[in-house]
Structures are given as C-alpha cells and as structure tokens.
Q: 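Below is a structure I'd like to ask you about.
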Amino acid sequence: MYAIIYGKNPKLSEAEFWAFVRRFGLKVKVVENSMHWIVFEGDKSIERLFHRLGGSLKLVKIIGEGEEAIKDLDYAKLFTVSLYGKDDWKLWRKLGSEIKKNFKSQGPSKFFKPAKVYAMPSELILKGFPEVKDFVFFFSNRVYVGETITLTDPFELKKLDVKRPVQRTILSIPPRLARIMVNLTEIRQGNFLDPFCGIGTIVQEFLLQGLNAYGSDSNPKAIHGAKENLKWLKREFRIKRGANIEVCDARKLKRCFRVKFDAIVTEPYMGKPLKYHPTKEEAIKLANELDRFYYSVFDSFGDVLKKHGRVVFVFPAYKLNDGRIYRKERKWLEKLGFGVMARYTDFEERHRVVRDIHVLKYR
Ligand SMILES: C[S@@+](CC[C@H](N)C(=O)[O-])C[C@H]1O[C@@H](n2cnc3c(N)ncnc32)[C@H](O)[C@@H]1O
C-alpha cells in the first residue's frame with residue numbers, strides 16, 4: 001500500500017495523478033482519499049515512475065494501520081514525523097516521543113521538528129534524506145503509518161528553471177507545470193510539440209521524458225534561447241536525443257512540420273501583461289480579442305495532429321476586480337473538431353491572468 005501527498009494545487013495534482021495512472025497503465029485501487037493526499041493499493045512500478053509527477057510531493061510506503069504500527073518502523077538515527085489529516089500538535093509530539101522510545105534499545109536517535117506538522121521535501125533533502133527518515137501518519141477513517149520512500153526534488157525543478165543559460169522570468173512556465181501538462185495528455189510516447197515554445201521549458205520536459213521533442217515559436221530570439229537551453233539540458237542531464245526547434249508561426253504549422261503529432265502541449269501568447277484587475281466587461285473584451293488568434297491556432301493544430309491526438313492548452317482566464325474569476329466558454333473548439341475533456345485552473349495569488357488549462361481530444 002502506498003500514499004501520495006499532493007502539492008500546492010491539490011486539485012490539479014489529483015487530476016495529474018489519475019492522468020498519469022492511465023498514461024502508464026498502472027493498477028491503482030483507492031483506499032482513502034482526501035483533498036491533499038491519497039492512500040491506495042498499487043503495483044511497485046509507482047516507485048520507479050514517481051519522479052515523473054510534477055504536482056506531487058512525496059511517495060509514502062504504508063507499513064501498517066493503527067498507532068501501534070509505530071513498532072514496525074525501522075530504526076533511524078535521524079528522523080522526522082509528518083502528520084496529515086488532523087493538524088494536532090499534541091499528537092505530533094506524542095508520536096515523536098513514542099517512536100524515540102521504541103528506538104531507544106537500538107542506540108541514540110535524533111528527532112528533528114519540521115516547520116509545519118509535516119516535513120516539506122526541501123526540508124528533508126537539506127537535512128539529508130534518505131538518511132533522515134520521514135515517518136508519516138495519515139488520520140482519516142483509520143490511522144495509516146508509513147515511511148516516505150521518494151520525494152519530488154524541488155532543487156532539480158529549480159535548476160531546470162533558474163540555472164539555464166537563457167532566462168525569461170515573466171514569460172516562462174514553471175517546470176513543475178510543464179511536467180503536469182505532459183502527464184495530462186495521457187500519451188505515453190510519440191511526437192510532442194510545443195508551438196509557442198519560448199525559451200523551451202516544455203520542450204525540455206519532452207526530452208527529459210524521452211519523447212520525440214518538437215518546438216517552435218515565431219520569435220527567432222526565443223528560438224535561439226531555446227536552442228542554448230536545450231544544449232545545456234543535454235549536457236547537465238546526460239540526454240542523448242535532440243529536439244527539433246524551428247521558427248514558425250503557430251497559425252501555419254503545416255508549413256514547418258512534416259510529421260504528425262500525438263500531442264501538443266503549450267502555453268501560448270496570452271495577451272499583454274495587465275496592470276490592474278479588469279472588470280468583467282473588460283475581461284470579456286480581452287478574451288474575445290485573443291480568441292480570434294486562438295481560432296486560427298487551433299485550425300492549424302488540426303493540420304498537424306494525428307487522429308485522436310491530444311492538446312493541453314493554457315487559455316487565459318482573468319481575476320476580476322471583485323475577486324471572481326472569469327473563464328470563457330469556447331464553443332468554436334467543438335466546431336474545429338476539439339472536444340474538451342477537462343479544465344483546471346492554476347494561478348498564484350498575485351496574478352491577474354489565471355491559467356485555464358484545457359485538456360482536449362482531436363476528433
Ligand atoms: C507565454 S510565452 C511561452 C513561454 C514558454 N512556455 C517558455 O517557457 O518559455 C508565449 C510565446 O508565444 C510566442 N508567440 C507569439 N505569437 C506567436 C505566433 N503567432 N506563433 C508562434 N509563437 C508565437 C512568443 O514569442 C512567446 O515566446
């Protein structure tokens with residue numbers, strides 16, 4: 001039995017997890033489900049594949065049920081305790097000292113106290129995971145006791161972003177989200193294209209996942225940056241395969257690419273940065289203007305996609321001046337042959353433009 005802890009956008013992380021389960025044909029039976037984590041029966045391959053998830057933090061192996069299961073934990077010189085489900089400070093202390101008591105006969109051990117009632121991956125890595133063990137408790141209908149066996153490495157994700165030779169802070173997409181979007185396609189392998197690739201964040205992810213990677217952008221400077229970044233990625237991450245990168249207008253893809261694609265994953269041009277939160281009327285106007293552009297872009301996608309090809313596309317939605325979010329409905333997608341399978345939002349508090357991520361299937 002395993003458990004997975006979701007990241008900061010748990011709804012999106014959960015959607016990614018299920019898309020990932022289908023993508024890799026994993027067998028998963030839910031035991032307990034909550035907004036922030038899931039306990040499930042599943043095959044061992046999850047241990048090998050976990051690092052491919054962008055939106056989850058920890059993979060936990062469940063060793064027992066009930067508080068007595070503490071006795072089955074393996075001795076650790078250094079350890080932490082993470083509680084999920086019930087934020088109970090007293091319980092946290094009790095479990096920590098009980099584990100310590102259990103370990104006593106095997107020599108001294110040190111208990112480090114995480115910043116919250118649970119340890120974050122960055123804390124654990126800095127303390128020395130896996131030498132520092134993370135014992136995990138889930139409080140729901142029952143108590144589950146486990147040990148973290150794999151973490152998402154936030155330092156690696158950061159390196160993929162800020163250590164690249166070419167940066168474009170405002171415009172580029174977080175590597176974490178690029179990974180989530182690739183999983184949302186549910187396509188395991190094949191030809192993947194980002195037709196608004198900028199400096200290449202999503203194309204990097206295609207390469208890291210061993211996919212046939214293609215990228216294009218209408219701005220030659222961005223393409224130059226993407227090529228530099230991909231050279232760096234190949235060196236740093238020892239990747240043999242290269243990517244196909246072209247200067248191309250996303251409305252004219254068939255002029256640039258001969259191959260047909262299994263999936264398109266992209267964050268397009270989303271309009272000029274907004275200086276303030278728009279009113280609903282202003283947001284409708286902005287969205288309508290951009291839709292003319294997106295219509296020709298999707299028309300062009302139809303030229304280069306395989307039958308049943310998938311598209312994961314970020315449309316802009318808007319945080320309005322009254323705090324609500326305006327998300328436009330786009331009936332024209334259906335007319336062009338694209339069925340909307342799912343929609344998810346992703347945004348940071350300070351953002352005015354919200355990501356309205358669409359997962360679409362071509363007829
Ligand atoms: C939001 S950025 C994409 C950023 C990219 N995900 C990254 O991480 O660098 C949008 C990109 O769309 C490009 N763009 C704008 N209009 C375009 C068009 N008609 N065809 C292709 N690319 C276009 C811009 O040059 C810009 O690099």
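Quick note: residue numbers are just sequence positions, from 1. Both counts, for ligands and for their atoms, begin at 1 and track the order of listing.
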Q: Answer with side chain, backbone, both or neither: which part of C197 has a heavy atom less than 4.0 angstrom from an atom of ligand 1?
A: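 The part of C197 near ligand 1 is the backbone, not the side chain.
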Q: Among all protein heavy atoms, pick out the one at the shortest distance from atom 12 (O) of ligand 1; state its residue, atom name and that distance to 0.1 Å.
A: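 Result for atom 12 (O) of ligand 1: F196 CD2, 3.3 Å.
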Q: May I ask you to test the F24-N183 pair for a side-chain heavy-atom distance under 4.5 Å?
A: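 Yes, at least one pair of side-chain atoms sits under 4.5 Å.
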Q: Counting only nitrogen or oxygen atoms and a 3.5 angstrom limit, does T201 reach ligand 1?
A: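 Looking only at distances, the answer is yes, because the N/O contact criterion of under 3.5 Å is met.
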Q: Which of these, G271, S218, G198, has its nearest heavy atom closest to atom 14 (N) of ligand 1?
A: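 Residue with the shortest heavy-atom distance to the ligand atom: S218.
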Q: State whether the side chain of R23 and the backbone N or O of I187 hold a donor-acceptor pair below 3.5 Å, judged by distance alone.
A: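 Pair found, side chain donor or acceptor close to backbone of I187.
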Q: Going by side-chain contact (heavy atoms from CB on, under 4.5 Å), M1 matches just one of V31, V60, I63. Which one?
A: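 For M1, the side-chain contact (heavy atoms from CB on, under 4.5 Å) check succeeds only for V31.
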Q: Using heavy atoms and a threshold below 4.0 Å, how should the contact between P268 and ligand 1 be classified: side chain, backbone, both, or neither?
A: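 The answer is the backbone of P268.
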Q: Which of parallel (below 30°), tilted (30 to 60°) and perpendicular (above 60°) describes F338 and F301?
A: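 Ring orientation, 0 to 90° scale: perpendicular.
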Q: Suppose I only count heavy atoms of N219 and a 4.0 Å limit; which atoms of ligand 1 are within that range?
A: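 With N219 as reference, the close atoms of ligand 1 come out as 25 (O).
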Q: What part of R168, side chain, backbone, both or neither, has a heavy atom within less than 4.0 angstrom of ligand 1?
A: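 The answer is the side chain.
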Q: Under 4.0 Å from a heavy atom of C248: which atoms of ligand 1 are those, numbered in the order shown and with their elements?
A: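 Matching atoms, with element in brackets: 20 (N), 21 (C).
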Q: So for ligand 1, is I202 a polar contact partner (N or O within less than 3.5 Å, distance only)?
A: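 No, I202 has no N/O under 3.5 Å of an N/O on ligand 1.
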Q: Is it the case that the side chains of T152 and R176 hold a donor-acceptor pair, with the cut-off being a distance below 3.5 Å and no angle test?
A: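 R176 vs T152: no donor-acceptor pair found between side chains.
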Q: Could you say whether the N/O atoms of S172 and ligand 1 ever approach to under 3.5 Å?
A: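 It does not: no N or O of S172 is found under 3.5 Å from an N or O of ligand 1.
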Q: Using a 4.0 Å heavy-atom threshold (strictly under), name the region of P195 that reaches ligand 1: side chain, backbone, both or neither.
A: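 Just the backbone.
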Q: Would you verify whether the NZ or CZ of R330 falls within 45 degrees of the ring axis of F315 while also being under 6.0 Å from that six-membered ring's centre?
A: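 Yes, R330 lies over the aromatic ring of F315.
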Q: Where is the nearest protein heavy atom to atom 19 (N) of ligand 1: which residue, which atom, and how far?
A: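 Nearest protein contact, heavy atoms only, for atom 19 (N) of ligand 1 is D249 OD1, 3.2 Å.
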Q: Ligand 1 and L171, any nitrogen or oxygen pair closer than 3.5 angstrom?
A: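 No - when backbone and side-chain N and O of L171 are compared with those of ligand 1, no distance drops under 3.5 Å.
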Q: Any nitrogen or oxygen of E267, main chain or side chain, under 3.5 Å from a nitrogen or oxygen of ligand 1?
A: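 So ligand 1 has no N or O lying under 3.5 Å from an N or O of E267.
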Q: Check this for me - ligand 1, I199, N or O atoms closer than 3.5 angstrom, yes or no?
A: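 So ligand 1 has an N or O lying under 3.5 Å from an N or O of I199.
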Q: Going by atom types alone, do N191 and K306 pair a side-chain donor with an acceptor below 3.5 Å?
A: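 N191 vs K306: no donor-acceptor pair found between side chains.
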Q: So which heavy atom in the protein is nearest atom 6 (N) of ligand 1, and how far is it from that ligand atom?
A: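 Answer for atom 6 (N) of ligand 1: I173 CG2, 3.7 Å.
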Q: Is it possible for you to check whether K11 lies under 6.0 Å from the centre of the six-membered ring of Y6, through NZ or CZ, and within 45° of that ring's axis?
A: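 Not satisfied by the 6.0 Å and 45° rule.
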Q: Distance-only, no hydrogens or angles: does the K254 side chain make a donor-acceptor pair with backbone N or O of G302 under 3.5 Å?
A: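 Checked: no pair found.
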Q: If you measure from the Lys or Arg side-chain nitrogens to the Asp or Glu carboxylate oxygens, is any gap between E65 and R142 under 4.0 Å?
A: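 Looking at E65 and R142, the cut-off is met.
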Q: Check D299 with R251, please: is the shortest side-chain N to carboxylate O separation under 4.0 Å?
A: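 Answer for the salt bridge query: no.
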Q: Within 45° of the ring axis of F112 and under 6.0 Å from its six-membered ring centre, is that where the NZ or CZ of K127 lies?
A: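 That pair qualifies as a cation-pi contact.
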Q: Within the structure, does D217 bring an N/O atom to less than 3.5 angstrom of an N/O atom in ligand 1?
A: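 Yes, D217 has an N/O under 3.5 Å of an N/O on ligand 1.
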Q: Quick one: nearest non-hydrogen protein atom to atom 15 (C) of ligand 1, plus distance?
A: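 I find the closest protein heavy atom is Y269 CB, 3.7 Å.
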Q: To check your reading of the model: name the closest protein heavy atom to atom 20 (N) of ligand 1, its residue, and the distance in Å.
A: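 The answer is A250 N, 2.9 Å.
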Q: Could you check whether any heavy atom of G225 sits closer than 4.0 Å to an atom of ligand 1, since that is the contact criterion I want to use?
A: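 Per 4.0 Å heavy-atom rule, G225 does not contact ligand 1.
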